[in-house]
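Residue numbering restarts at 1 for every chain, and letters A, B, ... go by the order of the sequence lines.
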Amino acid sequence: MELTIDQPFDLESTLESGQAHRWKKVDGWYSGVVRGEFIQIRQKGQVVEFCSGPSPEATAAVMLRDYFRLDDDIHAIYSDIGRDSRVAAMVSKYPGLRLLRTEPWECLVAFICSANNNIARIHQLMERMSDEFGNPILLNGQTRHTFPSPADLAEAGEAELRRLGLGFRAPYVDQAARAVLAGKLDLPALVRAPYPEAKAALMEIKGIGSKIADCIAVFSLDKLEAFPIDVWIRRALSEWYFPGQKTPPDRVLLEWAQEHFGRYGGYAQQYLFHGQRLQKKADR
DNA sequence: TTCTGCCCTTGGCA
DNA sequence: ATGCCAAGGGCAG
């Protein structure tokens, strides 16, 4: 089935920008599992072609439009974050890099796993947890697994998670799974909650600090104003906006970024992050 | 209260 | 080879 897209959209940079962790490139197609659907997808110009299962493709098409945030007014967003000239330059260099609307529980686990870790290994851990504790789905002769539910991972427990290689993050994921099961952490409710409230609730979980809470908020809870500050962004902000100064503490950087980048700060952050990484890749 | 330094699992990379 | 680093956070002092 095909999706016709009448706005800036770049499948490759969007799927490979560190927001989603279960996409593999297999002969020109991206293969992944989104919200329980096995998706194989590729882009040719403004046309996106995909196969899906187990649900019918018409159902998956609706789901994918939501996943890719095609409901965003991307021109208004680009215009807003483009008030910053560095972001504007990156938007014109990489048009179509989008935020995704990922599943909150899966996103939460992925970003707990991101602590002091690299993207390749986060992908590996997410895939191992799925293979071990998720349910199999078959499509075009290939098998993938759904991402395990909180109950699945709570049942697996800390020791099993360590065995998969989560290391010191294993107890954090275990505890988060139990909090969701016990109703102490209500992720669907946080989608509707205001950003500060959602962030505070996430930070009650051990292993979720300010940065990881902001990642979960922007990628899965519809908080487009959230602005995750990681090593790349800290470096970029320090070098570009506070040159010749000692790097301000994150609290100060965050306050400044909220004010400077505004209500679509999450989009601006994604461009800064992606631009920095591509630049480094190009330098080598 | 806020800041600093150290530790934590694992593995890819130079 | 072996030390560094990786979309950080917890904890002690």
Side-chain angles (χ1 to χ4, degrees), chain A residues 13-23 90 94 97-100 102 104 106-129 132 153 156-176 179 185 199-221 223-224 226-239 245-255 257 261 265-284:
Chain A
S13 64
T14 299
L15 295 185
E16 295 191 4
S17 56
Q19 314 174 54
H21 304 277
R22 299 211 50 210
W23 292 101
M90 288 187 195
Y94 308 113
L97 168 63
R98 309 289 293 240
L99 287 179
L100 293 170
T102 63
E106 179 176 336
C107 182
L108 181 151
V109 175
F111 281 94
I112 286 180
C113 290
S114 76
N116 200 35
N117 212 343
N118 56 58
I119 290 181
R121 230 162 71 77
I122 300 166
H123 293 184
Q124 204 179 105
L125 295 174
M126 294 297 282
E127 204 58 24
R128 278 187 206 160
M129 282 186 272
E132 291 267 343
L153 290 185
E158 178 184 338
E160 282 291 281
L161 294 170
R162 271 188 191 276
R163 182 177 63 77
L164 297 189
L166 271 75
F168 63 87
R169 310 164 193 89
Y172 300 156
V173 170
D174 180 61
Q175 187 221 345
L185 180 63
K199 181 171 180 178
L202 291 169
M203 289 178 68
E204 292 294 310
I205 302 294
K206 273 190 183 156
I208 301 181
S210 175
K211 188 269 173 182
I212 291 179
D214 278 332
C215 286
I216 299 166
V218 72
F219 297 137
S220 75
L221 301 180
K223 312 305 181 212
L224 296 189
F227 190 92
I229 296 182
D230 59 50
V231 285
W232 297 93
I233 295 297
R234 191 176 300 118
R235 248 174 252 156
L237 294 183
S238 176
E239 175 186 340
Q245 304 176 36
K246 188 174 73 173
T247 304
D250 286 356
R251 179 180 45 77
V252 175
L253 288 178
L254 185 52
E255 204 168 313
F261 294 108
Y267 261 100
Q269 190 272 1
Q270 196 61 17
Y271 267 97
L272 294 173
F273 177 74
H274 191 65
Q276 282 283 100
R277 287 188 68 219
L278 290 182
Q279 188 54 49
K280 190 195 170 191
K281 211 183 265 187
D283 289 344
R284 285 182 293 162

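Here A:Glu158 pairs with A:Arg162 under the salt bridge (charged side-chain N to carboxylate O under 4.0 Å, His left out) rule; sequence neighbours left out. Residues satisfying the salt bridge (charged side-chain N to carboxylate O under 4.0 Å, His left out) criterion with A:Arg234, sequence neighbours excluded, are A:Asp250. Here A:Ala236 pairs with A:Trp240, A:Gln276 under the side chain to side chain contact (heavy atoms under 4.5 Å, CB included) rule; sequence neighbours left out. In this structure, the salt bridge (charged side-chain N to carboxylate O under 4.0 Å, His left out) partners of A:Glu132, at least two apart in sequence or on a different chain, are A:Arg163.
The interatomic distance linking A:Ile233 (CD1) with C:dA7 (P) rounds to 12 Å, in whole Å. Between the CD1 atom of A:Ile119 and the P atom of B:dC13 there is a distance of 14 Å, rounded to whole Å. With rounding to whole Å, A:Gln124 atom CD is found 18 Å from C:dA6 atom P. Atom P of nucleotide B:dT4 and atom CG of A:Asp250 are separated by 11 Å, given to the nearest angstrom. Counting to the nearest Å, the P atom of B:dT9 and the CD atom of A:Glu158 are 9 Å from each other. If you measure from atom CG of A:Leu253 to atom C1' of B:dC3, you get 15 Å, rounded to the nearest angstrom. As a whole-Å value, the separation of A:Asn118 CG from C:dC4 P is 17 Å. When rounded to the nearest whole Å, the span between CG of A:Leu202 and C1' of C:dG8 equals 15 Å.
Counting only Watson-Crick and G-U wobble pairs whose two key distances fall under 3.5 Å, DNA chain B forms stems of three or more stacked pairs at B:3-8 with C:8-13, B:10-14 with C:2-6.
Comparing the same atom, P, in B:dT9 and in C:dA12 gives a spacing of 15 Å after rounding to whole Å. To the nearest whole angstrom, the two C1' atoms, one in B:dC8 and one in C:dC4, are 16 Å apart. When the P atom is used for both C:dA7 and B:dC13, the distance is 13 Å, rounded to whole Å.
Each of B:dT9, C:dG10, C:dA6 was ranked by its minimum atom distance to the side chain of A:Lys206; first place goes to C:dG10. Between C:dA7, C:dG9, B:dT9, one nucleotide has an atom nearer to the side chain of A:Gln19 than all others, and that is C:dA7. In the set C:dG9, C:dA6, B:dG11, the nucleotide with an atom closest to the side chain of A:Arg121 is B:dG11.
No aromatic stack links A:Trp232 and the base of C:dA7, using centre distance under 5.5 Å and interplanar angle under 30°.
Among the heavy atoms of the strands lying under 4.0 Å from A:Gly207 are primed sugar atoms or P, OP1, OP2 only; no base atom is included. Residue-level contact check: A:Arg169 touches the bases, meaning some heavy atom is under 4.0 Å from a base atom.
Mapped onto DNA chain C by nearest heavy atom, A:Phe219 and A:Met203 fall at different nucleotides, with A:Phe219 at the one closer to the 5' end.
Taking side-chain N and O atoms only, A:Arg162 has a distance below 4.0 Å to OP1 or OP2 of B:dT9.
Note: A:Phe273 and A:Trp232 have perpendicular aromatic rings, judged against thresholds of 30 and 60 degrees for the angle between ring planes.
Between the side chain of A:Gln270 and the backbone N or O of A:Ser17 there is at least one donor-acceptor pair closer than 3.5 Å.
Side-chain contact between A:Ile112 and A:Leu166: absent, with no pair of heavy atoms (C-beta onward) separated by less than 4.5 Å.
Here side chain to side chain donor-acceptor pair (under 3.5 Å) pairs that include residues 165-176 of chain A, with residues two or more places apart or in two chains, are A:Asp174-A:Arg178.
In the interface, the side chain of A:Asn116 is not paired with the base of B:dT10 through any donor and acceptor atom under 3.5 Å apart.
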